[in-house]
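Let me begin by presenting the structure, written as structure tokens, before commenting on it.
The figures here come from the full heavy-atom set of this structure, side chains too, leaving out hydrogens, waters and symmetry mates. This one's a predicted model, so the numbers in the text were calculated from it and none came from an experiment. To find a chain, count down the sequence lines: A is the first, B the second, and so on, and within it residues start at 1.
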2 protein chains.
Amino acid sequence: MLTTHSLLERTLGHKKRAIRKGAILKVEGDTSRQTFYVREGWLAASQSLPDGDRQILEFVLPGETYDPTGADGRTSFVKIEAPCEAVVVAMDTSAWTRLLQDHPDLWLEERRAANAVQARRAERMLRMGKSSAETRIAYVLIELYLRLSKGEPSEKHGFHVPLTQKDLGDYAGLSSVHVCRTLRRLSRQGVITTGDHMNICVHDMSTLADLADVDLGTLRREIVPTSA
Amino acid sequence: MLTTHSLLERTLGHKKRAIRKGAILKVEGDTSRQTFYVREGWLAASQSLPDGDRQILEFVLPGETYDPTGADGRTSFVKIEAPCEAVVVAMDTSAWTRLLQDHPDLWLEERRAANAVQARRAERMLRMGKSSAETRIAYVLIELYLRLSKGEPSEKHGFHVPLTQKDLGDYAGLSSVHVCRTLRRLSRQGVITTGDHMNICVHDMSTLADLADVDLGTLRREIVPTSA
DNA sequence: CGTTCAGTTGAGTTGCTTCAACCCGTGTGG
DNA sequence: CCACACGGGTTGAAGCAACTCAACTGAACG
């Protein structure tokens, strides 16, 4: 089975670039038509209001690609930055598109990944529109956990989130102060513990799932692309 | 130029179905793998919380297609309903996918449409996360106006929204009561007037754009697919 | 040892929600 | 033909969740 990963490792691996924390890979409104593939670390795709408020639309995790092209096929309207150190491959979108058209397997895989992105945004929007801060944070933690553990459930449910609480707030639609309060409340309830630098350990996954209004199995099938 | 519209009108037109207002075309979690093409009227793709709260993710307008497939390639996790009378073509997603692979033009067109969907969700999420009710409503009105007028700016800026205020609220992330208050405020300010059954007329598009934190030209290029 | 950056916590404010009442146009059945 | 119910819109009042502002802590770093 040809996967995005194996193909890119073979053919484009030499183009990889190390990215510093806080680096901006692409600004809103430029026309360079790049598609990004993340090998290590995370990227954040965000959009901002004139007053500077930022909404993070998507985190791009290791092994994922992100094509920020807008509806005119030329311009990208999102900003892409690195919330932590990362290693990425930046490739020309038209080359990438040709590659996809030549490899139906790959195309299907990317189509599913795109569906997963849609589904994640949908779930997050649902909670941004209708749910409390506790539900939003619980959902975001579960989403990240599922994506990071890619269907291989670990025993400890511990994972590292290489983000500040401000970043997390910009993803969940909350202020950093309220992210802090909400994490503290979850931790006081014994659902999670937080370690240094946003190391999060989930102690009671089923309570967290309840808080997030989520069925774990269903959500996994919905938002984590299956390579099957 | 082969377009989705012309192709579907020729080959699939006979499969069209008339849909009654309030009809549910697809429930959350089914596996029927249908892609919808809307000829007349609107469809709404929504997702709900266990307690019944609903978030409308996308309106599907005449001439648009919508594929609700999730990340596992089988199941759809969104509900699709008709907020008003509609005429749609429901086709098998795998047939549709084959069609796309056989027609690169079509594929590109749909890819751009998908990019536009992403961009619209991004803009809406940005405002749901960071903006006031006034901004959210102003944005939604402009989004719908741009999509309905498809790059052909009309003089009068009047258009019909076949939705209840509850529907609009479920789209913008507000209660129906607050949608009402916000529309009244906009109308008191002279920016819009509202007629019977949600006939909306924008009198001061530039003020509305300011309220929405939007640049009209940029937004059009971003969220309205170009057939060029 | 001072500075900076992220997290934590308290106090006060506000914007949106909920609840509830009322209006109006439409449909419907006695 | 009138009575009534119903759905959707409008408005007021009250409550609360999340925000802002601000002060403090601790860790990291030159």
Give me, pair by pair, the N or O atoms of the protein and of nucleotides 11-17 of chain C that are less than 3.5 Å apart, along with how far apart they are.
from    : atom 1 : to      : atom 2 : distance (Å)
dA11(C) : N6     : R181(A) : NH2    : 3.2
dC16(C) : OP1    : A133(B) : N      : 2.8
dC16(C) : OP2    : H178(B) : NE2    : 3.1
dT17(C) : OP1    : S175(B) : N      : 3.1
dT17(C) : OP2    : S175(B) : N      : 3.2
dT17(C) : OP2    : S175(B) : OG     : 2.9

Quick one: [X] [atom1] to [N] [atom2], roughly how many Å, whole number?
X	N	atom1	atom2	value
R184(A)	dG10(C)	CZ	C1'	15 Å
L183(B)	dT11(D)	CG	P	11 Å
L186(B)	dG9(D)	CG	P	16 Å
I200(A)	dG7(C)	CD1	P	10 Å
R188(B)	dG9(D)	CZ	P	17 Å
M198(A)	dC5(C)	CE	C1'	15 Å
N199(A)	dA6(C)	CG	P	17 Å

Gap between atom OG of S175(B) and atom CZ of R181(B) - 0.5 Å precision: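 Here the rounded value is 7.5 Å.
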Atom pair CG/OG1 of L186(B) and T194(B) - distance to nearest 0.5 Å: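 It is 10.0 Å, given to the nearest 0.5 Å.
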Output side-chain donor-acceptor pairs under 3.5 Å for residues 44-57 of chain B, partner residues at least two apart or in another chain, one line each.
from   : atom 1 : to      : atom 2 : distance (Å)
S46(B) : OG     : E81(B)  : OE2    : 3.2
Q47(B) : NE2    : E123(A) : OE2    : 2.6
Q47(B) : NE2    : E222(A) : OE2    : 3.0
D51(B) : OD1    : D53(B)  : N      : 3.0
R54(B) : NE     : D170(B) : OD2    : 2.9
R54(B) : NH1    : E81(B)  : OE2    : 3.2
R54(B) : NH2    : D167(B) : OD1    : 2.7
R54(B) : NH2    : D170(B) : OD2    : 2.9
Q55(B) : NE2    : D170(B) : O      : 3.0
Q55(B) : NE2    : Y171(B) : O      : 3.2

For the student: nearest non-hydrogen atoms of R220(B) and S149(B), plus distance: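 Closest pair (atom of R220(B), atom of S149(B), distance): NH2-OG, 4.3 Å.
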Pair R221(B)-T75(A), side-chain donor/acceptor within less than 3.5 Å: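 There is such a pair (donor and acceptor under 3.5 Å, judged by atom type) between the side chains of R221(B) and T75(A).
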Ion pair E134(A)/R188(A), N-O distance below 4.0 Å: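 Salt bridge absent between E134(A) and R188(A).
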Sidechain N-carboxylate O distance under 4.0 Å for R20(B), E85(B):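 No, this pair does not count.
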Distance flag, aromatic centroids of F36(A) and Y66(A), threshold under 6.0 Å: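 No, too far apart.
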DNA chain D contacts among residues 163-172 of chain B, heavy-atom distance under 4.0 Å: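 The stretch gives T164(B), Q165(B) as the residues lying under 4.0 Å from the strand, ordered by number.
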